[in-house]
Peer 1: 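Please find one structure pasted underneath; my questions will follow.
First listed ligand is number 1; within each ligand, the first listed atom is number 1. Treat the numbers as computed from the prediction; the structure is a model and nothing was measured.
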Amino acid sequence: MKIIMLGAPGAGKGTQAKMIADKYAVPHVSTGDIFRANIKEGTELGKEAKKYMDQGLLVPDELTVKILLDRVAKEDCANGYVLDGFPRTIPQAEVLDKALTELGDKIDYAINVDVPDENIVKRMGGRRACLACGATYHIEHIPPKTEGICDRCGKELILRDDDKPETVKNRLQVYHDQTQPLIDFYNAKGVLKEVDGTVDMKDVFEAIVAILG
Ligand code: ADP
Ligand code: AMP
């Protein structure tokens, strides 16, 4: 099962992708997590990506496409995966489509988690992330058991640099300009599914499970 999560930054793609990955036993592949891991390790890729991420801009397609194609070529992705944060542009989607077609394969579902912009800005300020294991929380909606500490791995939680309000506004603009057109792209391919992302995360997941079966 190959799934793409679509939606604005902060719509809940990562939250749902992790639940899908657990239930359907497929890897959760997040380009944002891959970039953040590289930033933490101080790699060249990390240094380059950080320049764009800190401004709320997209990392150029040339860099992003390569890391994604390398990742999905790994053994653990052979039976499927859930992509979170990729594709974010039409050219990225076209490259993925071509790579899959060459393997006689295709995306099964593109799930659009729909959340209006007004809700997004509030959510992002409350997001807390664990850079060690990738878990995300929300200080009001999905708090960790102990404030500031990851339930899963015990490491410290942080407010991402790019979740500050000024940057969130840029990210939303970038989303509308460059990523939202993917909704039509996948609709035309007959794989688009819409879910309401404003409800409780468990109810969002129920709607997704009803789609995936
Ligand atoms: P994305 O991966 O789309 O950027 P996240 O999954 O990281 O978004 O979610 C953004 C923030 O909103 C996080 O703090 C997360 O805990 C919270 N969140 C996710 N789903 C919901 C929901 N259904 N209701 C309220 N808050 C949510
Ligand atoms: P995310 O964790 O998905 O919210 O991504 C955080 C940031 O990483 C984005 O704002 C971009 O700067 C960068 N990024 C992640 N995925 C992509 C992608 N597919 N294309 C370009 N930039 C990306």
Side-chain angles (χ1 to χ4, degrees), residues 4-21 28-39 45-46 48-69 71-72 82-96 111-117 119-131 134-144 150-152 157-164 167-175 177-179 182 195-208:
I4 288 173
M5 303 304 292
L6 295 176
K13 300 182 296 295
T15 303
Q16 297 301 324
K18 288 185 193 92
M19 293 162 87
I20 294 170
H28 166 213
V29 175
S30 155
T31 38
D33 283 354
I34 296 174
F35 289 137
R36 280 184 291 276
N38 275 274
I39 292 172
L45 170 67
E48 188 61 22
K50 190 172 187 331
K51 290 186 209 159
Y52 300 93
M53 291 169 74
D54 283 352
Q55 298 176 68
L57 299 174
L58 295 184
V59 177
D61 287 345
E62 305 82 76
L63 283 181
T64 311
V65 159
K66 184 174 180 323
I67 61 153
L68 188 278
L69 292 182
R71 177 65 191 88
V72 297
V82 49
L83 297 187
D84 160 21
F86 186 99
R88 261 185 160 98
T89 64
I90 294 279
Q92 289 181 11
E94 284 169 344
V95 172
L96 176 65
I111 301 174
N112 183 41
V113 183
D114 188 30
V115 177
D117 286 9
N119 304 35
I120 296 284
V121 183
K122 274 193 224 147
R123 271 196 194 182
M124 305 287 257
R127 171 156 67 181
R128 294 294 178 273
C130 175
L131 288 186
T136 48
Y137 301 85
H138 190 281
I139 51 176
E140 280 167 37
H141 308 298
I142 308 160
C150 180
D151 291 352
R152 260 210 282 174
L157 300 177
I158 58 139
L159 169 65
R160 281 167 42 178
D161 286 342
D162 61 348
D163 279 350
K164 300 189 173 133
T167 317
V168 169
K169 278 195 200 124
N170 285 349
R171 293 172 69 197
L172 274 173
Q173 188 61 49
V174 167
Y175 166 75
D177 293 346
Q178 301 193 57
T179 308
L182 293 174
V195 294
D196 177 3
T198 63
V199 296
D200 189 272
M201 63 185 261
K202 291 192 194 70
D203 297 326
V204 180
F205 189 56
E206 237 174 63
I208 292 177

Peer 1: Are any of the N/O atoms in S30 less than 3.5 Å from those in ligand 2?
Peer 2: no
Peer 1: If the cut-off is 4.0 Å to any non-hydrogen atom of G85, which atoms of ligand 2 fall inside it?
Peer 2: 16 (N), 17 (C), 18 (C), 19 (N)
Peer 1: With respect to Q92, determine whether any N or O atom, backbone or side chain, lies less than 3.5 Å from an N or O atom of ligand 2.
Peer 2: yes
Peer 1: Suppose I only count heavy atoms of T64 and a 4.0 Å limit; which atoms of ligand 2 are within that range?
Peer 2: 18 (C), 19 (N), 20 (N), 21 (C)
Peer 1: Just distances here: any N/O of R88 and N/O of ligand 2 closer than 3.5 Å?
Peer 2: yes
Peer 1: Distance-only, no hydrogens or angles: does the H138 side chain make a donor-acceptor pair with backbone N or O of R123 under 3.5 Å?
Peer 2: yes
Peer 1: Output the list of atoms in ligand 2 that are nearer than 4.0 Å to some heavy atom of V59, sorted by atom number.
Peer 2: 13 (C), 21 (C), 22 (N)
Peer 1: Determine, step by step, whether D163 and R171 satisfy the salt bridge (charged side-chain N to carboxylate O under 4.0 Å, His left out) criterion, reporting the C-alpha distance in whole Å, the side-chain angles of both residues, the deciding distance to 0.1 Å, and the verdict.
Peer 2: CA-CA 9 Å; D163 279 350; R171 293 172 69 197; 3.0 Å; yes
Peer 1: Does L172 offer a backbone N or O that forms a donor-acceptor pair with the side chain of D117 under 3.5 Å?
Peer 2: no
Peer 1: Considering heavy atoms of the protein only, find what lies nearest to atom 23 (C) of ligand 2 and give residue, atom and distance to 0.1 Å.
Peer 2: F35 CE1, 3.8 Å
Peer 1: If you apply the rule side chain to side chain donor-acceptor pair (under 3.5 Å), what do you find for D54 with T167, and how did you get there?
Peer 2: CA-CA 8 Å; D54 283 352; T167 317; over 6 Å; no
Peer 1: Which heavy-atom pair separates L83 from L68 by the least distance, and what is that distance?
Peer 2: CD2-CD2, 3.9 Å
Peer 1: Verify, without hydrogens or angle tests, whether Q92 (side chain) and R88 (backbone) share a donor-acceptor contact under 3.5 angstrom.
Peer 2: yes
Peer 1: Tell me which part of L57 gets within contact of ligand 2: side chain, backbone, both or neither, using heavy atoms under 4.0 Å.
Peer 2: backbone
Peer 1: Can you name the closest pair of heavy atoms from M5 and A17 and give their distance?
Peer 2: CG-CB, 4.1 Å
Peer 1: Can you figure out which of Q178, M53, M124 has its heavy atom closest to atom 7 (C) of ligand 2?
Peer 2: M53
Peer 1: Please check if the side chain of D203 supplies one atom and the backbone of V199 the other of a donor-acceptor pair under 3.5 Å.
Peer 2: no
Peer 1: Minimum heavy-atom separation for G134 and D33, please, with both atom names.
Peer 2: CA-OD2, 4.4 Å
Peer 1: State the atoms of ligand 2, each with its element, that fall below the 4.0 Å cut-off from a heavy-atom position in R171.
Peer 2: 4 (O), 10 (O)
Peer 1: Flag R36 as yes when one of its N or O atoms lies below 3.5 Å from any N or O atom of ligand 2, and as no otherwise.
Peer 2: yes
Peer 1: Which heavy-atom pair separates L182 from P87 by the least distance, and what is that distance?
Peer 2: CD1-O, 3.1 Å
Peer 1: Backbone, side chain, both or neither: what part of K51 comes under 4.0 angstrom of ligand 2, heavy atoms only?
Peer 2: neither
Peer 1: Quick one: table the atom pairs, ligand 1 N or O against protein N or O, below 3.5 Å, distance rounded to 0.1 Å.
Peer 2:
unit_1   : atom_1 : unit_2 : atom_2 : d
ligand 1 : 2 (O)  : G14    : N      : 2.8
ligand 1 : 3 (O)  : G10    : N      : 3.4
ligand 1 : 3 (O)  : A11    : N      : 3.2
ligand 1 : 3 (O)  : G12    : N      : 3.0
ligand 1 : 3 (O)  : K13    : N      : 2.8
ligand 1 : 3 (O)  : K13    : NZ     : 2.9
ligand 1 : 4 (O)  : G10    : N      : 2.8
ligand 1 : 4 (O)  : R127   : NH1    : 3.0
ligand 1 : 6 (O)  : G14    : N      : 3.4
ligand 1 : 6 (O)  : T15    : N      : 2.8
ligand 1 : 6 (O)  : T15    : OG1    : 2.6
ligand 1 : 7 (O)  : R127   : NH1    : 2.6
ligand 1 : 8 (O)  : G12    : N      : 3.2
ligand 1 : 8 (O)  : R127   : NH1    : 3.4
ligand 1 : 14 (O) : Y137   : O      : 2.7
ligand 1 : 16 (O) : Y137   : O      : 3.3
ligand 1 : 23 (N) : V199   : O      : 2.7
ligand 1 : 23 (N) : M201   : N      : 3.3
ligand 1 : 24 (N) : R123   : NH2    : 3.4

Peer 1: Which pair of heavy atoms, one from K18 and one from T136, lies closest together, and at what distance?
Peer 2: NZ-OG1, 3.7 Å
Peer 1: What closest approach, in Å, do P9 and Y175 show between heavy atoms, and which atom pair accounts for it?
Peer 2: CD-CB, 3.7 Å
Peer 1: Mark up the atoms of ligand 2 that fall under 4.0 Å of a heavy atom belonging to T31, in ascending order.
Peer 2: 15 (C), 16 (N), 17 (C), 19 (N)
